**Student:** 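Pasting a structure below so you can have a look.
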Protein chains: 2
Amino acid sequence: MSITGIEIRHLRYFVAVVEQRTFRAAALRLHVSQPPLTRQIQQLEDALGVKLLERSARGAEPTAAGKVFYQEARNLLTLAEQAAERTRLAGDGRLGRLDIGVFGSAVLGPIPRIVQRFRQTHPQVELVLHSLDRIGQIKALRERRLTVGFNRFFTEEPDLSWEVIQTERMVVVLPEAHPLAKRAVLSLAEISSEPLILYPRTPRPGFIDQMMRLFHQRHLTAHVSQEVDDLVTAMGLVASGFGLSLLTDSGRKLHVPGTIQVPLRKADAATVDLCVIWRRGDDSPLLAEFLQEARALRHPPPEDAEPVEKPAPRSAKRKRAPKRR
Amino acid sequence: MSITGIEIRHLRYFVAVVEQRTFRAAALRLHVSQPPLTRQIQQLEDALGVKLLERSARGAEPTAAGKVFYQEARNLLTLAEQAAERTRLAGDGRLGRLDIGVFGSAVLGPIPRIVQRFRQTHPQVELVLHSLDRIGQIKALRERRLTVGFNRFFTEEPDLSWEVIQTERMVVVLPEAHPLAKRAVLSLAEISSEPLILYPRTPRPGFIDQMMRLFHQRHLTAHVSQEVDDLVTAMGLVASGFGLSLLTDSGRKLHVPGTIQVPLRKADAATVDLCVIWRRGDDSPLLAEFLQEARALRHPPPEDAEPVEKPAPRSAKRKRAPKRR
DNA sequence: CGACGATGATACTCGGGGGGTATCGCTCCA
DNA sequence: TGGAGCGATACCCCCCGAGTATCATCGTCG
């Protein structure tokens with residue numbers, strides 16, 4: 001036997017009658033008149049095949065079975081409320097799971113702050129960080145193992161969208177003893193003749209190539225003396241006097257003894273981008289919420305910013321278009 | 001925000017669509033046509049304010065919010081099924097709590113078997129035994145602390161019903177050394193001149209008075225030498241040679257060393273009744289089920305038995321009278 | 001003891017909406 | 001490029017939920 005014919009309305013009506021001890025009072029509370037209420041209760045009793053209420057001239061009181069069903073009904077109603085609420089939360093991107101791709105040295109940048117802020121405003125969302133290089137992120141996004149990825153820069157892909165979150169100026173790192181170490185600011189030209197230690201070795205094209213392009217745009221030629229795997233190794237080689245290196249602004253937090261950090265002059269516009277990437281057309285509310293949080297990082301937000309794709313921030317009240325053709 | 005407008009129908013429909021991956025297949029499964037199904041899903045989405053399904057030419061698949069709501073809906077539907085089932089069980093007297101009054105020495109009688117059988121056939125019913133004398137049972141019944149009580153016999157009460165469950169023959173208990181101890185059967189007349197030890201001292205009228213009435217009906221006078229509190233004390237006194245005592249047939253299980261049990265002859269019809277009592281007009285399904293179990297004790301059930309009141313054994317399918325006036 | 005007032009149940013009507021058929025627009029694929 | 005399959009829409013019917021009016025019953029109070 002099943003629940004054929006029983007609707008949530010019946011539960012609401014029955015609960016009201018039990019709690020008000022009277023059909024009329026319950027009808028008042030339900031904003032209906034008394035006769036329909038009587039019929040609904042009768043339908044409910046017929047559907048269950050059980051007499052739920054003992055009627056008298058003083059009102060109605062539940063039978064033993066009615067007491068059982070009252071508890072069940074109340075429980076179901078609150079569960080239904082919660083189900084609706086959880087669904088609405090999920091629709092607003094405030095409930096669920098978000099897989100985020102990050103690259104190795106991202107911990108020095110703004111990503112931790114973005115993630116932490118998102119976690120605070122969306123406590124019901126489970127955040128999972130995956131440390132992946134750009135190639136791995138693209139693969140994982142396509143296989144839906146990631147919803148969003150952070151990367152330094154991005155080469156156009158047909159099925160992926162991207163957006164610059166932050167642009168950082170570069171800083172030169174030199175050995176303490178280096179003649180240029182006492183300067184307040186440096187130009188790209190001044191360091192173009194120095195041996196450069198860059199990272200990471202893979203994947204190509206990567207940070208190294210972007211640096212090379214930077215010099216090339218200014219008709220300079222950089223001398224890359226060493227390609228190493230990671231930032232920390234590079235700093236170590238700088239301290240050992242093997243040459244100079246470059247850091248992003250947020251990388252300055254990492255100070256290695258024996259090295260000096262000197263900013264590049266503004267005129268050189270030596271910058272590197274931080275991007276978010278996601279599947280083009282992904283309208284997941286979680287993604288929309290997360291992108292919004294990521295964009296909030298840009299202070300002040302540039303007014304001429306034109307994101308490649310902007311998933312509309314979902315509103316709680318979805319408006320159905322009356323005509324669609 | 002609440003769950004206004006959402007009905008169980010919407011849950012069933014939505015679950016079907018998600019599981020069948022297609023509106024048409026779901027409509028087939030639900031035995032409705034596809035357009036109403038589409039409309040119901042639209043209503044559901046509007047009521048929740050969330051888009052639940054991503055439609056395409058290949059079918060429909062749930063959004064993130066849709067997945068959440070699918071789990072919730074499935075859960076709610078099974079809970080609703082269980083709620084209905086539990087209510088039907090309660091309506092059939094197979095779920096709930098039954099408070100039973102028993103008297104002190106009832107453990108020797110058929111009551112344990114009745115209770116055990118009822119527990120087996122109604123495993124979901126919580127059985128609570130209350131040890132109360134007749135006065136206490138009547139009081140507890142009126143205060144609704146008991147649903148049913150067992151007693152030896154009963155004086156009519158306006159608001160209580162009763163029914164004889166079992167009639168037991170009496171057995172004489174005598175000291176081993178007694179001259180009558182070697183007899184196979186005894187008459188009331190033969191023991192009327194012997195000193196009798198009877199129990200319990202309270203409440204009156206009680207077992208003692210019924211025994212006295214038994215002798216009186218046969219124009220005999222019993223000599224009650226001792227009134228003691230309980231059966232075990234009486235047996236002890238018998239073993240010590242203070243006199244004879246009487247036991248119900250089921251009491252024979254209790255054999256005290258130094259005593260001999262000899263049946264009374266059938267012609268004397270020395271019997272004592274076991275009764276169940278309950279509130280007159282109590283139509284609790286649990287009571288009805290329990291009485292039925294108690295009556296099953298009478299083997300064979302006397303065909304001329306006319307219970308004082310027989311609460312109709314409730315059927316799962318309640319038939320509502322089409323006209324009531 | 002009878003009138004009154006409260007209760008739930010019933011009779012009847014109305015209208016919204018659930019469910020039906022026919023059809024459209026779109027996408028995918030042979 | 002046309003057919004097959006999908007969901008959405010238009011339109012209709014009629015069931016059923018909700019309303020009003022009224023009844024039967026019971027408890028209460030003057």
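To find a chain, count down the sequence lines: A is the first, B the second, and so on, and within it residues start at 1. Being a predicted model, the structure only gives us computed values, none of them experimental.
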**Student:** Against A:R94, only a single residue in A:E293, A:E85, A:E289 fulfils salt bridge (charged side-chain N to carboxylate O under 4.0 Å, His left out); can you say which?
**Tutor:** A:E289
**Student:** A:R24 or B:A60: which one's nearest nucleotide on DNA chain D is closer to the 5' end?
**Tutor:** B:A60
**Student:** Does a side-chain N-to-carboxylate-O contact under 4.0 Å join A:E163 and A:R295?
**Tutor:** yes
**Student:** Whole-Å distance between D:dG7 P and B:K51 NZ?
**Tutor:** 14 Å
**Student:** Mind calculating the distance between OH (A:Y13) and C1' (D:dG17) to the nearest angstrom?
**Tutor:** 8 Å
**Student:** Salt bridge between B:R145 and B:D99, side-chain N to carboxylate O under 4.0 Å?
**Tutor:** no
**Student:** Compute the centroid of each ring, for A:F103 and then for A:F150, and state whether the two points are separated by less than 6.0 Å.
**Tutor:** no
**Student:** At what distance, to the nearest 0.5 angstrom, does CD of B:E126 lie from CZ of B:R119?
**Tutor:** 9.5 Å
**Student:** Return the residues of residues 28-37 of chain B meeting this criterion: a heavy atom under 4.0 Å from some atom of DNA chain C. Order them by number, or give none.
**Tutor:** B:H31, B:V32, B:S33, B:P35, B:P36
**Student:** I need the A:L160 CG to A:C275 SG distance, nearest 0.5 Å.
**Tutor:** 12.0 Å
**Student:** Whole Å only: how far is the CD atom of B:E7 from the C1' atom of C:dG17?
**Tutor:** 12 Å
**Student:** Considering only residues two or more places apart or on different chains, which pairs with a residue in residues 62-74 of chain A satisfy salt bridge (charged side-chain N to carboxylate O under 4.0 Å, His left out)?
**Tutor:** A:E19-A:R74, A:E72-B:R86
**Student:** Check this for me: does any side-chain nitrogen of one of B:D159 and B:R142 sit under 4.0 Å from a carboxylate oxygen of the other?
**Tutor:** yes
**Student:** Going by atom types only, do B:W162 and B:E156 share a side-chain donor-acceptor pair under 3.5 Å?
**Tutor:** yes
**Student:** Polar atom pairs between nucleotides 28-30 of chain C and protein, under 3.5 Å, N or O only, would you list them?
**Tutor:**
none

**Student:** A:H122: what forms a ring pair (Phe, Tyr, Trp, His ring centres under 6.0 Å) with it, not counting sequence neighbours?
**Tutor:** A:F118
**Student:** Take the C1' atoms of the five end pairs on each side of the helix from C:dC1-D:dG30 to C:dA30-D:dT1, get both axes, and report the angle to 10 degrees.
**Tutor:** 10°
**Student:** Could you tell me how far apart A:Q42 (CD) and D:dC16 (C1') are, to the nearest whole angstrom?
**Tutor:** 14 Å
**Student:** Can you measure from CG (B:L132) to NZ (B:K139) and round to the nearest 0.5 angstrom?
**Tutor:** 10.0 Å
**Student:** Measure distances between side-chain N and O atoms of B:R55 and base N and O atoms of D:dA8, and say whether any donor-acceptor pair falls under 3.5 Å.
**Tutor:** no
**Student:** What parts of residues 16-23 of chain B reach DNA chain D, counting only heavy atoms under 4.0 Å away?
**Tutor:** B:T22, B:F23
**Student:** Whole-Å distance between C:dT7 P and A:L53 CG?
**Tutor:** 15 Å
**Student:** Please report the shortest heavy-atom distance between A:A83 and B:L76, naming the atom on each side.
**Tutor:** CB-CD1, 3.9 Å
**Student:** Side chains of A:Q34 and A:T38 only: does a donor on one sit below 3.5 Å from an acceptor on the other?
**Tutor:** yes
**Student:** What is the separation between atom CD on A:Q40 and atom P on C:dG8, rounded to the nearest whole Å?
**Tutor:** 16 Å
**Student:** Starting from P on C:dG16, measure out to CZ on B:R39 and report it in whole angstrom.
**Tutor:** 14 Å
**Student:** Whether B:Q43 contacts C:dG17 is assessed here as follows: a side-chain N or O lying under 4.0 Å from the phosphate OP1 or OP2. Is that the case?
**Tutor:** no
**Student:** Between D:dA8, C:dG8, D:dG17, which nucleotide has the shortest distance from any of its atoms to the side chain of B:T38?
**Tutor:** D:dA8
**Student:** Cut-off 3.5 Å, side chains only: do A:Q82 and A:T78 have a donor facing an acceptor?
**Tutor:** no
**Student:** Report the distance from atom CZ of B:R12 to atom C1' of C:dG18, rounded to the nearest whole Å.
**Tutor:** 12 Å
